Amino acid sequence: MWRDALLVAGKDLRIEGRSRVALNQVLPFAVLVLVLFAFALDPDRGVLVRAAAGLYWVAVLFSALLAVQRSQAIESGEGTRDALRLSGLDPAGVFLGKAGAVAVQLLVLEVLLGLGVVVLYGVEPAGLGLLAVTGLVATAGLAAAGTLYGVIAAGLRVRETLLPLLLLPVLAPVLIAATRVSETALSGASAGVPAGSWLVLLVTFAVLYLGFGVVAFGPLLEDG
Amino acid sequence: MTTTELFDERAGQDREPAPPAAGGALTLALGVAAVLALGVTYALGLALPETVEQGDHSRLIAIHPGLAWASYVAFGVTALASAAWLWPRTRRATWDHLAGASAEVGVVFTALTLVTGSIWGRPTWGVWWVWDARLTLSALMLAIYLGYLALRRVPAAPDLRAGRSAVVALVAVLVIPVNHFAVEWWRTLHQGRSLAQLTPENDLDGRFIGAMAVGFLAMTLVYAWLTLHRMAVARLEDAEADVDLQAALVQRRAEGVS
Amino acid sequence: MDPAVRLRSAVCLLGRFPALAGLDLDVSRGEVVAVEGPNGAGKTTLLRALAGLVPVHEGEAEVLGLDLRRSRRRVRARVALLGSTGGLYDDLSVADNLRFWARAAGRPQSAADEALAQLGLDGRLADVAVGRLSTGQRRRTALAALVARNSELWLLDEPHAGLDAAGRDLVDSLVVGASRRGATVLLVSHELDRAAALASRRVTITGGRATASGALGRMHPAGPVDVLPGEPEVAGVA
């Protein structure tokens with residue numbers, strides 16, 4: 001399973017390396033979302049700084065949606081999905097590999113987008129350790145859930161419209177939790193529920209979707 | 001009668017000729033009971049006195065909690081039926097029909113929960129919607145199950161559709177606790193008066209409790225009745241597809257002889 | 001030894017359309033069988049069903065001794081399908097594509113490199129992204145992936161299509177080579193002369209069922225033998 005996961009992740013990342021879709025399309029889109037938020041909210045009254053964590057994670061959420069769609073589009077054409085089903089690869093490995101590749105791309109995007117928030121919104125970076133942990137755990141959940149719903153929607157004619165409807169509502173807890181922890185990290189003070197509890201929630205989400213993906217990806221990939 | 005017998009595939013199929021709707025004495029009895037219970041709920045609800053604080057709106061206690069309860073039952077049944085379909089030994093088309101039917105009814109009940117909750121909250125909060133933790137969770141569930149139903153509506157071979165729908169339904173029910181805590185903790189800072197606190201406990205007499213209890217029963221019966229009928233429709237749709245298949249097979253084989 | 005393929009009254013549905021409508025087929029191990037029939041007869045669905053990509057809805061189906069209706073996943077890992085679409089990643093180079101598919105099938109990277117050389121894809125072409133190849137080069141890459149996979153059962157859907165004369169000869173030599181190694185080959189081709197020369201037997205499919213079957217091959221160029229009584233003549237065979 002792990003060998004197959006590495007093989008698939010390596011393949012997906014190599015394809016990204018050659019096609020640069022995430023770098024040339026998803027990242028500019030995410031930055032654009034940040035800029036649009038600044039247009040919508042008055043940048044001079046401190047609204048952006050106060051809302052920065054939430055806006056950042058909304059931008060990440062939308063980017064994750066695009067990254068998942070791209071990840072599934074790799075196998076959409078020219079019989080590659082059939083070839084993958086015939087390949088003899090362990091479906092659990094395919095799931096982990098595809099989710100892993102999405103996660104790696106999202107992590108890079110999150111770092112760059114974080115710089116964007118610092119530059120564009122004037123946020124003072126703080127609590128970097130906590131932010132890094134949050135990013136890792138939240139990204140694992142985003143990638144796992146995205147890949148699971150991605151393969152469900154992949155074979156369908158309505159996939160572009162169905163995937164956001166399936167994915168965004170279940171990602172709501174990730175948005176809430178990641179935003180709260182990020183706020184705590186940036187302000188250095190925890191208001192309400194402590195950051196630790198939010199992290200437990202994020203870990204639970206990631207584990208739930210990783211586990212479900214490992215078990216369910218086989219039937220989904222093979223019969224889809 | 002156990003649930004297995006209640007939802008047994010053969011219960012509806014062996015009857016000749018097939019009745020147009022769900023048919024069967026059981027469904028009929030259920031329907032009568034549901035309508036009676038609804039009527040009693042209605043009468044009890046109207047008989048409730050106005051409260052000083054909420055006026056007429058306090059009477060919503062007869063239906064709102066019952067609706068919310070029935071929607072949870074519906075999604076629970078969808079999850080169980082999906083699990084039964086996924087388990088190879090119990091895999092039968094009936095489970096898929098039940099999962100889909102229950103989710104459809106559940107979505108309607110969730111929408112009604114949101115509407116009645118909003119109407120109920122209006123005099124207290126002064127606005128139609130506040131980010132009350134329970135209402136928010138219901139809204140999230142509505143979105144999740146709308147996605148589930150959208151997935152079910154995509155045309156596909158029955159087994160294929162059943163499989164991926166079952167996976168989505170199981171995941172949906174497993175993330176409800178995660179959603180629950182996320183929304184609860186999210187609101188802990190600015191917790192106003194939630195609907196939970198509007199629910200009378202000490203300050204109101206037993207008539208409110210009684211109306212609410214009958215409301216629970218009525219909504220559960222209505223849920224079961226609607227679900228059985230929706231299942232029967234799904235079963236007929238499948239039967240029609242089977243008839244089509246036999247005709248298509250004959251036609252296809254004829255190509256070879258011409 | 002188990003037969004390579006054994007189908008009894010197999011029904012395969014594409015949506016609600018019965019593409020295979022009760023098909024019987026027996027193929028022994030090591031046989032090369034040409035599958036013929038008009039467009040829409042169910043030839044491609046037959047290959048996809050044998051590969052485990054389309055479920056068998058009714059009837060009995062065994063491939064390489066495995067029950068196709070129960071162990072589709074195990075069947076898939078042991079067969080190779082060359083479809084009309086190549087199953088290649090446009091954004092990966094020819095060499096990277098082959099290495100990925102070879103390693104996915106549990107074969108060493110050297111198998112991919114050998115296949116590249118065998119199909120004349122080594123050298124400059126190996127580093128070109130598949131999306132930038134010509135149709136013929138693309139087909140060659142797909143064939144190389146097939147060779148690198150080294151399966152027991154080859155399911156070839158129009159392997160000659162889109163290739164020049166040299167490419168078609170290459171396909172023929174690959175089929176002969178696979179057959180010599182003991183692999184079983186099912187060949188759907190509109191190049192009837194070539195198919196007849198390669199195959200020891202042909203099966204005609206019409207309306208989702210096998211309507212004729214007969215021996216063929218270089219030893220017996222005379223045409224159909226053992227055609228089922230009352231069945232239509234198979235058209236177009238030299």
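Just so you know, these numbers come straight off a predicted model, no measurement behind them. To find a chain, count down the sequence lines: A is the first, B the second, and so on, and within it residues start at 1.
- The local environment of CZ in F17(C) is crowded, with over 12 non-hydrogen atoms from other residues, nucleotides or ligands closer than 6.0 Å.
- Taking CZ from R139(C) and CG from L88(C), the interatomic distance works out to 10.0 Å, rounded to the nearest 0.5 Å.
- Your options are V8(A), I74(A), L89(A), D82(A), and the one with the most heavy-atom pairs under 4.5 Å with chain C is D82(A).
- The only member of I176(A), V181(A), L175(A) that meets side-chain contact (heavy atoms from CB on, under 4.5 Å) when paired with T179(A) is L175(A).
- The contact list for residues 16-23 of chain A toward chain C, using heavy atoms and a distance under 4.5 Å, reads R18(A), S19(A) by residue number.
- Judged as a side-chain contact (heavy atoms from CB on, under 4.5 Å), and not counting sequence neighbours, the contacts of D122(C) are A117(C).
- Ion pair R81(A)/E75(A) not flagged as a salt bridge, since none of the NZ, NE, NH1 or NH2 atoms sits closer than 4.0 Å to an Asp/Glu carboxylate oxygen.
- Contacts of D4(A) with chain C are absent, with no heavy-atom separation under 4.5 Å from either backbone or side chain.
- Within 6.0 Å of CZ in R159(A) there are more than 12 heavy atoms belonging to other residues, nucleotides or ligands.
- Using a 4.5 Å cut-off between heavy atoms, R74(C) does not touch chain A at all.
- Between R73(C) and D90(A) there is a salt bridge, since at least one side-chain N of the basic residue sits less than 4.0 Å from a carboxylate O of the acidic one.
- Interface check for chain A: of the options N97(C), D96(C), V79(C), the most heavy-atom pairs under 4.5 Å are formed by D96(C).
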Stepwise ring pair (Phe, Tyr, Trp, His ring centres under 6.0 Å) test for Y89(C) and W101(C)
CA-CA 10 Å; Y89(C) 293 108; W101(C) 291 118; 5.6 Å; yes
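- Using a cutoff of 4.0 Å between basic side-chain nitrogens and carboxylate oxygens, R138(C) and D90(C) are scored as salt-bridged.
- Of all residues spanning residues 45-54 of chain C, those with a heavy atom less than 4.5 Å away from chain A's heavy atoms are R48(C), A51(C), L53(C), arranged by number.
- Looking at A80(C), neither its backbone nor its side chain comes within 4.5 Å of chain A, counting heavy atoms on both sides.
- For S93(C), the parts lying near chain A are the backbone and the side chain together; criterion is any non-hydrogen pair under 4.5 Å.
- F217(A) and F95(A) have tilted rings, their planes meeting at an angle from 30° to 60° on a 0 to 90° scale.
- Surrounding CZ of R180(C) are at most 12 heavy atoms belonging to other residues, nucleotides or ligands under 6.0 Å away.
- Look at K43(C) and E36(C) and you find no salt bridge, because none of the NZ, NE, NH1 or NH2 atoms lies under 4.0 Å from a carboxylate O.
- Residue pairs satisfying the salt bridge (Lys or Arg N to Asp or Glu O under 4.0 Å) criterion with at least one member in residues 166-178 of chain C, sequence neighbours excluded, are listed as follows: R168(C)-E191(C), D169(C)-R194(C), D172(C)-R194(C).
- Listed options G10(A), A83(A), G88(A) were ranked by heavy-atom pairs under 4.5 angstrom with chain C; first place goes to A83(A).
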